[in-house]
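All remarks here apply to the structure that follows.
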Amino acid sequence: PIDWLRTAKMLTIGATLTGPTLHCWYKVLDRAFGSIGTTATAIKKMAADQLLFAPLTLAAFFGYKALLDQRTADATLTLMAKDFVPTLQTNWMVWPIANAINFRFLPDTLRVPYVATLGFFWNVYLCMMANRSSTAAPATSPSAQQQDAPVKAAR
């Protein structure tokens, strides 16, 4: 069954964090490295994206998700200590090639829609990572604990 509360939380994160941040970040990259889609420019943008933007936004995602789940600060730090590095490593297997294609071949107007399309599948993975274990990061409310129950049962 669809967990509508979790879906709403992920939609909130996408609408208020990911989408606006990506829009602004791509403008920063264009100013820093130019908007012409050469291979050298694409590599520079991809490197900046993966070394600067990815770790920061991934940390923001975990923090924001924990806030929406009403987790304590200690529970959030425990969750991040366990899941941040594996998630970032997976990010580095997926996004460098996706962004190299994005920055090399796509016009500015299609970059965010392209990333948003790929991001749908990435967000499914992030949601799984952020909700895979309620024992490592106990929730502060019964409703947040119940939110993780379907994930536990599915394993």
Side-chain angles (χ1 to χ4, degrees), residues 1-32 35 42 45-73 75-134 136-137 139-141 143-152 154-155:
I2 295 174
D3 184 334
W4 291 108
L5 179 59
R6 186 179 299 169
T7 302
K9 289 175 183 179
M10 292 300 290
L11 179 62
T12 299
I13 292 169
T16 61
L17 174 70
T18 310
T21 306
L22 272 177
H23 176 75
C24 294
W25 176 241
Y26 286 166
K27 288 183 179 206
V28 168
L29 289 176
D30 282 346
R31 278 195 304 271
S35 61
K45 286 181 176 182
M46 184 271 302
D49 185 75
Q50 292 304 299
L51 296 174
L52 300 173
F53 187 75
L56 293 174
T57 56
L58 185 57
F61 166 80
F62 276 113
Y64 197 3
K65 179 73 169 65
L67 178 70
L68 293 175
D69 288 343
Q70 301 175 353
R71 295 186 188 275
T72 65
T76 301
L77 292 174
T78 300
L79 177 70
M80 287 186 67
K82 183 172 78 61
D83 291 341
F84 180 81
V85 171
T87 306
L88 185 60
Q89 289 171 331
T90 302
N91 170 86
W92 287 336
M93 290 188 282
V94 172
W95 287 105
I97 189 67
N99 277 331
I101 291 167
N102 190 21
F103 297 135
R104 173 64 178 96
F105 298 109
L106 296 180
D108 296 349
T109 56
L110 294 180
R111 287 183 184 157
V112 171
Y114 166 79
V115 169
T117 301
L118 296 177
F120 171 81
F121 299 101
W122 176 248
N123 287 333
V124 169
Y125 171 75
L126 284 180
C127 192
M128 288 173 22
M129 289 301 288
N131 291 289
R132 71 182 183 153
S133 174
S134 63
T140 59
S141 69
S143 64
Q145 289 173 347
Q146 290 170 350
Q147 175 182 341
D148 289 335
V151 174
K152 284 182 166 181
R155 282 195 260 151

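All figures in this text were calculated on a predicted structure; none of them were measured in a lab.
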Review point. Donor-acceptor pair, Asn102 side chain versus Ala98 backbone, under 3.5 Å?
Key: no
Practice item. Taking atom OH of Tyr125 as the centre, report whether more than 12 heavy atoms of other residues, nucleotides or ligands fall under 6.0 Å from it. Key: yes
Practice item. Side-chain contact test, heavy atoms from C-beta onward, threshold under 4.5 Å: evaluate it for Trp122 versus Val115 and give yes or no. Key: no
Revision key, fill the gap. Interatomic distance, OG1@Thr78 vs NZ@Lys82, rounded to 0.5 Å, equals 10.0 Å
Revision key, fill the gap. Rounded to the nearest 0.5 angstrom, the CG-CH2 distance for Asp30 and Trp25 is 11.0 Å
Exercise for review: Check step by step if side-chain contact (heavy atoms from CB on, under 4.5 Å) holds for Thr57 and Thr18.
Suggested key: CA-CA 8 Å; Thr57 56; Thr18 310; over 6 Å; no
Point to revise | Pair Asp108 + Arg111, salt bridge at N-O below 4.0 Å | key: yes
Point to revise | Asp69 and Arg6 ion-paired at < 4.0 Å | key: no
Exercise for review: Any chance you could measure Leu58, atom CG, to Leu88, atom CG, to the nearest 0.5 Å?
Suggested key: 6.0 Å
Study note, to complete from the structure: side chain to side chain contact (heavy atoms under 4.5 Å, CB included) with Phe62: of Asp83, Thr76, Leu77, only one passes, and it is Asp83
**Study point:** Taking every non-hydrogen atom, the tightest pair across Ala100 and Ala42
**Key:** O-CB, 3.9 Å
Revision key, fill the gap. What one should report as the nearest heavy-atom pair of Leu29 and Lys45 is O-CE, 3.7 Å
Point to revise | For the student: nearest non-hydrogen atoms of Leu110 and Leu106, plus distance | key: O-CD1, 4.2 Å
Check your understanding: Is the closest side-chain heavy-atom distance between Thr87 and Phe61 below 4.5 Å?
Key -> no
Point to revise | Phe53 side, atom CZ; Met46 side, atom CE - distance, nearest 0.5 Å | key: 15.0 Å
Study note, to complete from the structure: Rounding to 0.5 Å, atoms CG (Leu51) and CG (Leu56) come to a distance of 11.0 Å
Practice item. Report yes if some heavy atom in the side chain of Val124 is under 4.5 Å from a heavy atom in the side chain of Met10; otherwise report no. Key: no
Review point. How are the rings of Tyr26 and Phe103 set relative to one another: parallel (under 30°), tilted (30 to 60°) or perpendicular (over 60°)?
Key: perpendicular
